[in-house]
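Quick notes on the structure that follows.
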Amino acid sequence: MNAETPAGKKRFGMSLADKERLLAAMRGQAPAQAPEGRTARRQIAPELLRFDTLPGYTEIQVQQAVAREIGLDDVYYVLHDGLATNHTVIAGRDYLNFSSYDYLGLNGDPRVLKAAGDAAAKYGMSASASRLTAGERPPHRELEASIAALLGTEAAVCYVSGHGANMSTLGCLFGPRDVIFYDALCHNSLLLGAALSGAARYAFPNNDIAALDKILEEHRYSYQRAIIVTEGLFGMDGCLCRLPELLELKRKHGCLIMIDEAHSMGVAGKTGAGVREHFGIKAEDVDIWMGTLSKSFCGCGGYIAGSAALIEFLKYKAPGFVYSVGMPPAVAAASNAAIRIMREEPERIARLHANGQSFLKLAREYGLDTGKSQGYSVVPVMVGDSLSAAVFAQEMRNRGILALPVIYPGVEEGKARLRFFISALHTPEDIRTAVSQAAEALPLAREKARSYAK
């Protein structure tokens, strides 16, 4: 369906020119121009027709070979035998688990499983079409109504992918005459969405309000629409954004603002309603609220919430929504059940807060560097070089504790870390064990890494 009006405006789908511009933007290139005249036939190098010659693939192979040489297990793509809560089983061995996003401990809750099972029995496992065409089901609308009510917005829309929600939303809302100002620690999906839009882009240092004010003063007024993009709780560092001060800059410089609450929804605020509740602001003060369903709400996908006009526009124009199959009804029902339980049981958030603060306090008492973490759902233990972080993860796993490393290029080289995800299900003993073992394992890991490097 690529029909266009006589004036050349798209009714449905994308024109060929639009597709070329979209692909070029995703690659960060200008659209290719057709060559003048016919290009002479030439021999194509065989390596251009193979994927194992890609520079990135070679890098992966070298890293894996080094790991094998020094006796490190592959710390990624770990196969869990069953449900991962505060404990998990891998290859028959029980591990204390700090590697999962299940912040409220709802992933295996019988009420969530029943909601998913009932929806699967009634609607099947797939929506079987995009929601624009034939994929709309009651659980979709019920979930979106719950999200809007939780945030206090006029409406919400759920995408089948959290990553795609960020990419597609920024990509379709802004264009070459606009500008996007984003926190340097923003998630990859936000960076790619900004690039896809074709808008001018300026990064500001993490939570540096003075630096952002200066950048806005210098660059905002050369463009039409402008937006400030940041995260509610930074997933790599565990610190909250400085939302009240960002809102002051939004008003001062005539900007929109977008908050990615992937890690703060279900975590920040007394009842888990996110940074809006934590800072005591009005929902309408923020133009675009984004979050995921895969963490506190134990599903999959992402949402955008805001004004009715914003949501209606996205439901008809955002490629990641319009051209993607609808979220499985069972997933939508499960996430909706998780939201309901969270609102009915605020004690879960209280336990999560207590656990996060306990982990942070104990880690600091043991002399561990927890970076910028404020003791919510994410507490990193900073290591430094990537090799030491990988060895540290191996040492912890040998001790029966699962926490995964974040290394270059996920973070800057020299800022590698082991990241601990805290859950409402972790017990005080779980936390004491993890922190004390980390304090013992880290110096051993650094010593081993130095010997390997030689």
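Computed from heavy atoms alone, side chains included, the values below leave out hydrogens, waters and symmetry copies. This structure is a prediction, so every number in the text was calculated from the model and none was measured. We number each residue from 1, following the sequence as shown.
Not a single donor-acceptor pair under 3.5 Å links the side chain of S100 to the backbone N or O of N86. A donor-acceptor distance shorter than 3.5 angstrom exists from the side chain of S168 to the backbone of G320, with no hydrogens or angles considered. Between the side chain of N355 and the backbone N or O of S423 there is at least one donor-acceptor pair closer than 3.5 Å. Listed for the N107 side chain is no donor-acceptor partner under 3.5 Å among the backbone atoms of D102. Without hydrogens or angle criteria, N207 side chain to L240 main chain gives a donor-acceptor distance under 3.5 Å. Remark: the backbone N or O of A389 is not paired with any side-chain donor or acceptor of D385 at under 3.5 angstrom. At distances below 3.5 Å, at least one donor-acceptor pair connects side-chain atoms of D287 with backbone N or O atoms of I257.
Screening residues 111-120 for side chain to side chain donor-acceptor pair (under 3.5 Å) gives D109-R111, R111-E345, K114-D118 as the qualifying pairs, with residues at least two apart or on separate chains. Judged as a ring-ring contact (aromatic ring centres under 6.0 Å, His included), not a single pair has a partner in residues 284-313 (not counting sequence neighbours). Applying the side chain to side chain donor-acceptor pair (under 3.5 Å) rule to pairs touching residues 443-452 yields E395-K448, sequence neighbours excluded.
Closest heavy-atom contact between R220 and H253: NE-O, 2.9 Å. Nearest heavy-atom pair across V322 and S130 is O-CB, 3.3 Å. Minimum heavy-atom separation, A318 to Y159: CB-OH, 3.4 Å. Here the shortest heavy-atom pairing between L418 and L404 reads CD1-C, 3.6 Å. Of all heavy-atom pairs between A119 and A330, the closest is CB-CA, 3.8 Å.
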Side chains of residues 262-278: which donor-acceptor partners sit under 3.5 Å, not counting sequence neighbours?
| from | atom 1 | to | atom 2 | distance (Å) |
| --- | --- | --- | --- | --- |
| H263 | ND1 | Y103 | OH | 2.7 |
| S264 | OG | E261 | OE1 | 2.7 |
| T271 | OG1 | E277 | OE1 | 3.1 |
| T271 | OG1 | E277 | OE2 | 2.7 |
| R276 | NE | L151 | O | 2.9 |
| R276 | NH2 | L150 | O | 3.0 |
| E277 | OE1 | K270 | N | 3.3 |
| E277 | OE1 | T271 | N | 3.0 |
| E277 | OE1 | G272 | N | 3.3 |
| E277 | OE1 | A273 | N | 3.0 |
| E277 | OE2 | T271 | N | 3.3 |

In residues 228-236, what donor-acceptor pairs under 3.5 Å come from side-chain atoms, sequence neighbours left out?
| from | atom 1 | to | atom 2 | distance (Å) |
| --- | --- | --- | --- | --- |
| E231 | OE1 | G235 | N | 3.3 |
| E231 | OE2 | H187 | N | 2.7 |

Exercise for review: Test H87 against D430 for side-chain contact (heavy atoms from CB on, under 4.5 Å), laying out the working first.
Suggested key: CA-CA 9 Å; H87 284 259; D430 291 339; 3.7 Å; yes

Check your understanding: Could you walk me through whether Y101 and F421 pass the ring-ring contact (aromatic ring centres under 6.0 Å, His included) check?
Key -> CA-CA 6 Å; Y101 299 140; F421 294 116; 4.9 Å; yes

**Study point:** D237/N206 under side-chain hydrogen bond (donor to acceptor under 3.5 Å, both in side chains): CA gap, chis, key distance, verdict
**Key:** CA-CA 10 Å; D237 292 80; N206 177 237; over 6 Å; no

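Aromatic ring orientation, F359 versus F420: tilted (interplanar angle from 30° to 60°).
With sequence neighbours excluded, the residues forming a side-chain contact (heavy atoms from CB on, under 4.5 Å) with E365 are K361, L362, listed by chain and number.
A distance of 5.5 Å separates CG of N97 from OG1 of T88, quoted to the nearest 0.5 Å. Rounded to the nearest 0.5 Å, atoms CD1 (I349) and OG (S296) are 8.0 Å apart.
A salt bridge links E429 with R432: the distance from a Lys NZ or Arg NE/NH1/NH2 to an Asp or Glu carboxylate oxygen falls below 4.0 Å. Salt bridge absent: R141 and E144 never bring a charged side-chain N and a carboxylate O closer than 4.0 Å.
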